[in-house]
Amino acid sequence: MSQSNALVVLRAFGNDFEALINETILPVAMSRLRGQLTMPRLISVDKADEAKKVGELVRVNKPVEFDKADEHGTSGSVATDLNVEKVELRLDRHVYKEFKLSDREFTGMQPGVIPDALAAAVDVLARTVNEAIFNMYAEVPYFSGTLTSSNGRDKKDLIEARRALHTRKVRGDRNLVLTSDTEADLLGIFTVGYEQPAEKEGIIGRRFGFDIYSDVQAPMHFSGTASASNAIKTSVAGNVGSSLLVLSGAGANATFVKGDILTVAGTDQVFAVTADIAADEDGAVAVAVTPAITQAIASGTSVSVVGDHPVDLAFSKTAFMIAFRQLETPANAPGVTMGSMTDPETGITLRLLSWYNASTESTHWKLETLFGTKAVAPERASRLGGH
């Protein structure tokens, strides 16, 4: 969508602006977008050909994953029962970028202005989708090593992360998305003393059973103020199946934020906070967590909140899902030219609208998409800690 492929084809389409959108503008926009959507390539994508409204729930198949292949004996093969689990995913992200040009700006603009603006709109949508996928880390309570370690990450940390996933029977292809700082740590280790392709290309590639990627949008988790307390305890016993931890001793008005990791003394259970919440003035609070409690927790058990840490995320493709859907077309939209397209590679659906607003004497352009995300199998993911 550079100036070299600006809207020079407009004359060829005559007055059929809708054809121009569908046959020229959207394909070019999709090509640009495809190159920037790194995260959808690493997770499961659901892209049913149907139109939905913002906020609707869709039921999608949880990705199937087998632990191992079976040995074929002399008595014939034995089939594994396949019970495909359905999960609900809400299409709650309707993201867009809209811009407008006044009559004077539209008639006096330099060639390439609209294509450049659409390119910028594509870029911001790509960043938004990638960020939404990154943010699913908040539903992952599992981790390896010491998350709050200030030491540079090294190859032993990668091995420990691999071991953590292997223990939970996460095999097959595994991805590792790093913060820029961690990538710099590891590049310094893997290229020290001699010139490697990774050093020349600025990439790490496949190491220790991981396909490794880096992205500047990989987040830092900033924990709530409760992470500074050493006196947090359960004030009510935690029952098996419950998704609530009732705590005391957090400190007056101490905060827990979504994605905080809670560790419980005397058990290997770990939990992620699912919603922001603050304790009362006495430090008491009921925190919603995931996963549900699997082993009873006695009242008075010590609980710790892991502090700030970079999110280097190791995961199987089946751990996370994003679902894209076409936006329902308005029943009555006079004067609006629109087109939509679904990318067969990434699954993302783009819709482009253009209209003239007489009240503002401006031509409006709007690029938008609808999607939802869900950690469908967070046990197949792990945050990578240090040493």
Hydrogens and angles aside, do [X] and [Y] bring a side-chain donor and acceptor to less than 3.5 Å of each other?
X	Y	value
Gln36	Asn130	no
Lys86	Asn61	yes
Thr342	Thr349	yes
Ser362	Asn357	no
Thr225	Thr255	yes

Answer with yes or no whether the hydrophobic clustering places [X] together with [Y]; edges join I, L, V, M, F, W, Y residues whose side-chain heavy atoms lie under 4.5 Å apart.
X	Y	value
Leu91	Ile133	no
Val95	Leu37	yes
Met30	Leu370	no
Phe271	Leu244	no

Keeping [X] on the side-chain end and [Y] on the backbone end, is there a donor-acceptor pair under 3.5 Å?
X	Y	value
Glu139	Pro378	no
Asp123	Leu118	no
Arg351	Glu328	yes
Ser223	Gly307	yes
Thr301	Ala298	yes
Arg383	Tyr137	yes

Taking atom [atom1] of [X] and atom [atom2] of [Y], what is their separation to the nearest 0.5 Å?
X	Y	atom1	atom2	value
Asp312	Leu176	CG	CG	6.5 Å
Leu158	Ile212	CG	CD1	5.0 Å
Thr373	Phe134	OG1	CZ	13.0 Å
Lys374	Ile43	NZ	CD1	13.5 Å
Met338	Thr329	CE	OG1	6.0 Å
Leu313	Leu384	CG	CG	9.5 Å

Quiz prompt | Within 45° cone and under 6.0 Å: Arg168 NZ/CZ vs Tyr142 ring | solution = yes

Quiz item: Does the cation-pi check pass for Lys366 over Tyr96, that is, NZ or CZ under 6.0 Å from the six-membered ring centre and within 45° of its axis?
Solution: yes

Quiz item: In terms of the angle between their ring planes, are Phe99 and Trp365 parallel, tilted or perpendicular, with boundaries placed at 30° and 60°?
Solution: parallel

Exercise. Look at the aromatic rings of His364 and Trp355 and report parallel, tilted or perpendicular, splitting at 30° and 60°.
Key: parallel

Quiz prompt | Verdict with supporting geometry, Gln326 and Asp49, side-chain hydrogen bond (donor to acceptor under 3.5 Å, both in side chains) | solution = CA-CA 7 Å; Gln326 298 176 28; Asp49 185 16; 2.8 Å; yes

Quiz item: side-chain hydrogen bond (donor to acceptor under 3.5 Å, both in side chains) between Thr346 and Asp343: does it pass, once the steps are laid out?
Solution: CA-CA 6 Å; Thr346 62; Asp343 182 22; 2.8 Å; yes

Practice problem: Look at Arg163 together with Glu160 and state whether they make a salt bridge at an N to O cut-off of under 4.0 Å. | Solution: yes

Quiz item: Between Arg90 and Glu56, does at least one N-O distance fall below 4.0 Å, as a salt bridge requires?
Solution: no

Practice problem: Could you go through the side-chain hydrogen bond (donor to acceptor under 3.5 Å, both in side chains) check for Glu281 and Asn253 one step at a time? | Solution: CA-CA 5 Å; Glu281 59 184 12; Asn253 306 311; over 6 Å; no

Practice problem: Check step by step if salt bridge (Lys or Arg N to Asp or Glu O under 4.0 Å) holds for Arg153 and Asp181. | Solution: CA-CA 9 Å; Arg153 305 292 197 251; Asp181 288 344; over 6 Å; no

Practice problem: List for me each residue that meets side-chain contact (heavy atoms from CB on, under 4.5 Å) alongside Thr274, sequence neighbours excluded, and say none if there are none. | Solution: Ala288, Thr290

